[in-house]
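Presented below is the structure to which this report refers.
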Amino acid sequence: MSQAKVELFENDLREAAALFKALSHPARLAILKFLAETNSCFTGDISNLIPLGRTTVNQHLAELKKAGLIQGHITGIKTDYCINPEKINALKKAMTNLSSSLQVDMNYHCG
């Protein structure tokens, strides 16, 4: 079996890409922003806060959990959702590293 193309890249780039992919929808950004502003775990129905159906919101929550950006803990019939501070710090580091490597001269023109 051939090697997956993504495995051809450095581990830090693969990890950054996975985090950035998790941010690739406005609903996910809204969920992260809400949880960060709540500054604690949220127990309730996040779909009441996002203008999408419950199933769609749950899919976005699953993507954020898969990337490790949020944590969900089941308490009875409810799930507590929290920001994962370690992954948020990893995301910030990845963003800083990428943005510093993309420094270009403002006078640069292609062609």
Side-chain angles (χ1 to χ4, degrees):
M1 179 175 248
S2 65
Q3 184 181 28
K5 300 283 186 200
V6 72
E7 292 177 9
L8 299 174
F9 296 92
E10 297 170 8
N11 191 47
D12 61 332
L13 292 176
R14 291 194 314 262
E15 290 175 5
L19 292 172
F20 296 153
K21 182 179 179 183
L23 301 177
S24 67
H25 194 284
R28 296 180 202 152
L29 295 174
I31 290 167
L32 284 175
K33 184 178 178 203
F34 170 75
L35 290 174
E37 290 170 351
T38 301
N39 203 25
S40 65
C41 288
F42 176 77
T43 302
D45 191 350
I46 290 180
S47 66
N48 291 333
L49 309 167
I50 307 291
L52 299 171
R54 180 171 290 158
T55 302
T56 304
V57 171
N58 286 338
Q59 290 170 346
H60 289 301
L61 287 166
E63 286 297 318
L64 291 170
K65 282 179 68 175
K66 178 179 161 186
L69 293 168
I70 66 171
Q71 302 167 339
H73 306 283
I74 298 172
T75 308
I77 60 170
K78 301 249 184 205
T79 302
D80 297 333
Y81 290 103
C82 307
I83 291 284
N84 180 348
E86 293 83 23
K87 275 295 189 182
I88 295 299
N89 285 334
L91 173 64
K92 289 178 181 179
K93 183 179 176 185
M95 292 171 105
T96 299
N97 290 343
L98 179 63
S99 66
S100 65
S101 69
L102 296 177
Q103 296 297 322
V104 295
D105 182 348
M106 294 306 292
N107 295 318
Y108 172 81
H109 296 284
C110 184

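For clarity, every value in this text was computed on a predicted model and none was experimentally measured. One-based numbering along the sequence shown.
With sequence neighbours excluded, the residues satisfying side-chain hydrogen bond (donor to acceptor under 3.5 Å, both in side chains) with E15 are N11. Residues meeting the side-chain hydrogen bond (donor to acceptor under 3.5 Å, both in side chains) test with D12, sequence neighbours left out: none.
In this structure, I70 CD1 and K87 NZ are separated by 13.0 Å, a value rounded to the nearest 0.5 Å. Between atom CD of residue Q71 and atom OG1 of residue T79 there is a gap of 13.0 Å, rounded to the nearest 0.5 Å. The CG atom of L19 sits 12.0 Å away from the NZ atom of K21 when rounded to the nearest 0.5 Å. Annotation: the span from K33 atom NZ to L49 atom CG amounts to 12.5 Å, rounded to 0.5 Å. Rounding to the nearest 0.5 angstrom, the gap separating the CG atom in L61 from the OH atom in Y81 is 4.5 Å.
Within the 4.5 Å cutoff, the side chain of N89 has no heavy atoms near those of the K93 side chain. Between L23 and L32 the shortest side-chain heavy-atom distance falls below 4.5 Å. Looking at heavy atoms from C-beta onward, L98 lies in side-chain contact with F20 at the 4.5 angstrom threshold. Taking 4.5 Å as the limit, every side-chain heavy atom of L69 sits out of range of all side-chain heavy atoms of R28.
The environment of CD1 in I74 is sparse: at most 12 heavy-atom neighbours from other residues, nucleotides or ligands sit within 6.0 Å. Atom CZ of R14 sits in a crowded spot, with more than 12 heavy atoms from other residues, nucleotides or ligands closer than 6.0 Å.
A27 approaches L52 most closely through the heavy-atom pair CB-CD1, 3.6 Å. The minimum heavy-atom distance between A22 and A67, with the atom names listed, is CB-CB, 3.5 Å. When all heavy atoms of I50 and A30 are compared, the closest pair comes out as CD1-CB, 3.8 Å.
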- [ ] Go through T43 and T75 one step at a time and tell me if the side-chain contact (heavy atoms from CB on, under 4.5 Å) criterion holds.
- [x] CA-CA 9 Å; T43 302; T75 308; 5.8 Å; no
Under 3.5 Å, which donor-acceptor pairs link side chains of residues 34-41 to any protein atom two or more places apart or in another chain?
| unit_1 | atom_1 | unit_2 | atom_2 | d |
| --- | --- | --- | --- | --- |
| T38 | OG1 | F34 | O | 2.7 |

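Grouping the Ile, Leu, Val, Met, Phe, Trp and Tyr side chains by contacts below 4.5 angstrom, directly or via other members, places L91 apart from F9.
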